[in-house]
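In what follows, a structure is listed as C-alpha cells, so that the remarks can point back to it.
So that the names make sense, note that chain A is the first sequence line, chain B the second, and so on, each numbered from 1. Values below: every heavy atom of this structure, side chains too, minus hydrogens, waters and symmetry copies.
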2 protein chains.
Amino acid sequence: MTSTEPHLPHGTRPTRQRRAVASALHSFEDFRSAQDIHDLLRRSGDPVGLSTVYRTLQALADGGEVDVLRAEDGEALYRRCSATHHHHLVCRSCGRAVEVEGPTVERWTDGVAGEHGFTDVSHTLEVFGTCPECSAPRD
Amino acid sequence: MTSTEPHLPHGTRPTRQRRAVASALHSFEDFRSAQDIHDLLRRSGDPVGLSTVYRTLQALADGGEVDVLRAEDGEALYRRCSATHHHHLVCRSCGRAVEVEGPTVERWTDGVAGEHGFTDVSHTLEVFGTCPECSAPRD
DNA sequence: CGTGGATTGACAATGGTTGTCAACTGGGTT
DNA sequence: AACCCAGTTGACAACCATTGTCAATCCACG
C-alpha cells in the first residue's frame, strides 16, 4: 500500500532524489525539519543534497502534498498530508500528529471574518497537547 | 489603574529603552517585526539598541503583554494585545489585525483533543483575509 | 557620594534558508 | 549509439533574523 506517496508537481522528473524525499516523508508521521530529513536520507544510504531537499519540500508544499508548520523558533517542519483541508493535533512531547477536520471551525472563522467585512478568508489552526502514550506513567 | 500600556515583568526597571519599545507598540495596530520596531524607534529620535529591542519584546511576550506570530517566512511579528485569550483576524494586505474571541473554537479544540486522549491542550489560530478598506475600490 | 547588580548596545557568532553556477542526467532525436 | 539540451543536482557562499558576549553605563539604595 504505497500508492499514497506524495506526488511531485506535474511535469517534473521523478528523479532518484525526489523519490527519496517523498519516500522519507512516508517513514514518519510527526513533523520534521528539512535538515532532519536530509540527515535521515544520508544515514539511510540514499543521500540527497541539502539544497535539493529544501527545493523538493518546497515543491511538495506548494503542491499541497505536505504540510508545513513553524516550530516555536521559526524553523519550518514538514509532514506528508492528505489532500483535503485539515488541521493537526500535535503532541508537544513526541511530535506525533493526527489530522483532524473541523467543519465547526471552518464555519466559525468564515462567520467572524464576515462580521468584520473581511473577504477571501483563510486560516491556520494547530492544536497542541500531550498524547496518551506520552502522558502514560513510565513502565 | 487602567493604563493599557504593556507592563514589564515584575521587578524590572522601567528604563527609557523599555518605555520606548512599549510606547512604540502602541503606535500601530498591525504586526511588526523586531527590526521594524527598531527602525521606527531610531527614526522617531528615541533610538534603542537592536539587542534591547529583541530582549524587551521577548520579555513582553513572556509576560503575555504582546502577541507573537510568525510570518510566512518564519520572521517573528509583534503586536500589543489584551490580557485575555484571543485570536486575530489579520488583513493580508495591510496587516491590520482585529482581536476576536472564539468560545466555539475553544470548545471544539478541547473536544477534539479529548477524543484522542490528548491532555494539557493549547492551540494557535489565526484568520487571514482582506479587510473592507483594502478590498474597497480605490477612492 | 560609593557600590553592585541590572541594563545597554556595538559587535560577533549562530543557524536555518536561499542563491549560485558548473557539472551532470536522461529522454527524445538523428 | 552518439548527440542535444533543458531540467536537475549539490558543494559552497551569501543572506539575514536572532542570539550571545562583555565592557561600559545606569541607577536604586545605603
Whole-Å distance between C/dT8 C1' and B/Arg19 CZ? 15 Å
Please tabulate the protein-to-nucleotide N/O contacts below 3.5 Å involving nucleotides 23-25 of chain C, giving atom names and distances.
| from | atom 1 | to | atom 2 | distance (Å) |
| --- | --- | --- | --- | --- |
| C/dT25 | O2 | A/Arg13 | NH1 | 3.4 |

Going by number, which of residues 30-41 of chain B have a non-hydrogen atom under 4.0 Å from DNA chain C? none
Could you give all pairs that pass the salt bridge (Lys or Arg N to Asp or Glu O under 4.0 Å) test and reach residues 34-45 of chain A, with sequence neighbours left out? A/Asp39-A/Arg42
Hey, are A/Arg19 and A/Asp46 close enough for a salt bridge, meaning a charged N less than 4.0 Å from a carboxylate O? no
Mind listing the N/O atom pairs, protein and nucleotides 19-24 of chain D, below 3.5 Å?
| from | atom 1 | to | atom 2 | distance (Å) |
| --- | --- | --- | --- | --- |
| D/dT19 | OP1 | B/Gln58 | NE2 | 3.3 |
| D/dG20 | O6 | B/Ser51 | OG | 2.9 |

If you assign A/Leu77 and B/Arg16 each to the DNA chain C nucleotide with the nearest heavy atom, which residue ends up on the more 5' nucleotide? B/Arg16
So does B/Arg80 pair up with B/Asp67, basic N to acidic O under 4.0 Å? no
Verify whether the ring centers belonging to B/His88 and A/His123 lie closer than 6.0 Å. no
Side-chain polar contacts of residues 107-118 of chain B - donor-acceptor pairs under 3.5 angstrom, sequence neighbours left out - could you list them?
| from | atom 1 | to | atom 2 | distance (Å) |
| --- | --- | --- | --- | --- |
| B/Thr109 | OG1 | B/Val105 | O | 3.2 |
| B/Thr109 | OG1 | B/Glu106 | O | 2.9 |

Please report the distance, rounded to the nearest Å, between CZ in B/Arg70 and P in C/dG16. 13 Å
Minimum heavy-atom separation for A/Cys134 and A/Thr130, please, with both atom names. CB-CG2, 3.9 Å
Hey, which of these two, A/Gly49 or B/Asp73, hits DNA chain D nearer its 5' end, going by closest nucleotide? A/Gly49
Of the options C/dT7, C/dG9, C/dT17, whose atoms approach the side-chain atoms of B/Arg18 most closely? C/dT7
Atom CZ of B/Arg92: over 12 foreign heavy atoms under 6.0 Å: yes
Between A/Leu57 (CG) and D/dG10 (P), how many Å, whole number? 14 Å
Rounding to 0.5 Å, atoms CZ (B/Arg70) and CD (B/Glu126) come to a distance of 12.5 Å
When you compare the side chain of A/Glu29 with that of A/Arg79, does any pair of heavy atoms fall below 4.5 Å? yes
Check whether A/Phe31 and A/Phe28 end up in the same hydrophobic cluster, where Ile, Leu, Val, Met, Phe, Trp and Tyr are linked by side-chain heavy atoms less than 4.5 Å apart. no
Check the phosphate of C/dG9 against B/Gln17, side-chain N and O only, distance under 4.0 Å to OP1 or OP2. Yes or no? yes
Would you kindly give the CD-to-C1' distance between A/Glu72 and D/dT18, to the nearest whole Å? 15 Å
State which residues pass side chain to side chain contact (heavy atoms under 4.5 Å, CB included) with B/Gln17; sequence neighbours excluded, sorted by chain then number. B/Thr15, B/Val48, B/Thr52
